[in-house]
Visitor: 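The structure that follows is given in the form of structure tokens.
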Amino acid sequence: MKLSPRAGRIGVSPTMKVAAAAIALKSQGVDVVDLGAGEPDFPTPAHIAAAAHAAIDAGFTKYTANSGTDELKRAIAARYREDCGVEYATSEIIATAGGKQALFNAVLVLFGAGDEVVTHMPGWPTLVEQIRLADATPVIVRTHAEDGFRVSADAILAALTPRTKGIIINSPGNPTGALISEDDLEAVAQEAARRGIWILLDLCYEKLIYDPTPHNLPGVLARTLRDRAVVCGSASKAYAMTGWRCGWALAPAPVISACNALQSHSTSNVSSITQKAVVAALAGPQQCVSDMLDEYRRRRDQVTAWLAAEPRLRVVRPAGAFYLFPDVSDFLSPDGLRTSADLAQALLDDARVAVTPGEAFDAPGFVRISYATSLEELRRGTERIIGFVRALAAVAQR
Ligand SMILES: Cc1ncc(COP(=O)(O)O)c(C=O)c1O
């Protein structure tokens, strides 16, 4: 079938492919330990779900303003005011169907053919695909396990050319959990201000940072580059609300207006019920966020310790998000499993554990292990992984 050239340029997100294979096996009753999940395993906190029930009971089930209710936009503004000390008017905010749509809108209204947009890899593949969908050219800065996948100002600045129109930074990053420091972002933002370049921040994991690290990136941009900054956030990961589909963008009013126009011809407003739930999430008690963070931290530390039993699985301790991203290249060979995609497939087929191959994040030689699942599942999963790779190494030595 002949589809458009645009359709030919994109495929389904590779992170979703692995999830689908694991789900198919599980539905056949196979005991798969699923460490592929890109979402919290916690239920949405009860007070948030209750707000949604109340919205339905009150008949709050119609269209709302396309960019979101004033109540929701005020709640988003208040959260960033309290957490980051930044001021945004409701005309500078749009509620979107997840952080994904916030980024999609912004990329489409800001970039086009002939523009270069810099982003970093290993990273979330959607950012690169969105740049391509806008007919712009992605320029990839590579980060490295040796220095903790740090996103450095020097590397980003070295990638700028006269055609650079934007820079997209994801911090904490998926799959590495790495951060950009406030100082590095400030250095990038100062240069971006000089050159008239946009900076888009993907802060979907901003509430999932484990150690006390200064990470007020919206604050940095507010003082350096306020009129060329787009801050994208999401309720998905912080409040265990992936299925509810709500994110947001904070940006200068003309950008938000353009995003609003685009969204008005695609998805319209976020579900009215979800909007009420997200008001409860943002304006209500934040204890649930720190409780979930504490549990993720326990899991991160425990799984890192378990994996340390096999030093050939080289793991960088992540600063945020909920993924470990070990280098598995010691277990690959030309006459055995050649790639990390082969390894991930063999892990699923033979050891019944699902991980996401590094290829999905433009990082062959690595796999992503999600610790957004119970410690018991993590224990079973790590045992299977270690048993599998050791058997592999033993065969290779024979
Ligand atoms: C780095 C990153 N950004 C953004 C998103 C978007 O999430 P959502 O659309 O659910 O807010 C994800 C989801 O996995 C992600 O990993």
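For ligands, and for the atoms within them, numbers begin at 1 and follow the listed sequence. Below, each value reflects all heavy atoms present in this structure, side chains not excepted, and no hydrogens, waters or symmetry copies.
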Visitor: In ligand 1, which numbered atoms sit nearer than 4.0 Å to a non-hydrogen atom of S236?
Guide: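 Answer, ordered by atom number: 8 (P), 10 (O), 11 (O).
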
Visitor: Give the minimum heavy-atom separation between C84 and N216, together with the two atoms involved.
Guide: O-ND2, 2.9 Å

Visitor: At less than 4.0 angstrom from any non-hydrogen atom of Y205, what atoms of ligand 1 do you find?
Guide: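 In order of number, 1 (C), 2 (C), 14 (O), 15 (C), 16 (O).
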
Visitor: Is R245 close enough to touch ligand 1? Criterion: a residue heavy atom under 4.0 Å from a ligand atom.
Guide: yes

Visitor: Examine ligand 1 and decide if any of its atoms is less than 4.0 Å from a heavy atom belonging to N170.
Guide: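 Heavy atoms of N170 do come under 4.0 Å of ligand 1.
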
Visitor: Ring of F322, cation from K237 - is the NZ or CZ under 6.0 Å from the centre and inside 45° of the axis?
Guide: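 Output no; distance or angle outside limits.
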
Visitor: Just jot down the ligand 1 atoms closer than 4.0 angstrom to any heavy atom of S234, in number order.
Guide: 8 (P), 11 (O)

Visitor: Do I369 and I385 come close enough that some side-chain heavy atom pair is under 4.5 Å?
Guide: yes

Visitor: Verify whether the ring centers belonging to F361 and Y323 lie closer than 6.0 Å.
Guide: no

Visitor: Please report which non-hydrogen protein atom sits nearest to atom 15 (C) of ligand 1, along with the residue it belongs to and the distance in Å to one decimal place.
Guide: W124 CE2, 3.4 Å

Visitor: Which value, rounded to the nearest 0.5 Å, describes the distance between Y80 atom OH and I93 atom CD1?
Guide: 9.5 Å

Visitor: Looking just at side-chain N and O atoms, do E39 and S236 make a donor-acceptor pair shorter than 3.5 Å?
Guide: no

Visitor: Between L160 and V118, is a side-chain contact (heavy atoms from CB on, under 4.5 Å) present by the stated rule, with each step listed?
Guide: CA-CA 7 Å; L160 304 184; V118 176; 4.1 Å; yes

Visitor: Before signing off on this row, confirm whether G98 and ligand 1 have an N or O atom pair separated by under 3.5 Å.
Guide: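 Between G98 and ligand 1, no N or O pair is found under 3.5 Å apart.
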
Visitor: Are F42 and Y296, when compared by the centres of their aromatic rings, separated by less than 6.0 Å?
Guide: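 Here the rings of Y296 and F42 have centres that are less than 6.0 Å from each other.
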
Visitor: Which of the numbered atoms in ligand 1 are below 4.0 angstrom from a heavy atom of C204?
Guide: 3 (N), 4 (C), 5 (C)

Visitor: What atoms of ligand 1 come within less than 4.0 Å of a heavy atom belonging to N174?
Guide: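 The atoms of ligand 1 under 4.0 Å from a heavy atom of N174 are 1 (C), 16 (O).
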
Visitor: Applying a heavy-atom cut-off of 4.0 Å, say which part of K237 lies close to ligand 1: side chain, backbone, both or neither.
Guide: side chain

Visitor: Please state which protein non-hydrogen atom is closest to atom 3 (N) of ligand 1 and give its distance, to 0.1 Å?
Guide: D202 OD2, 2.5 Å

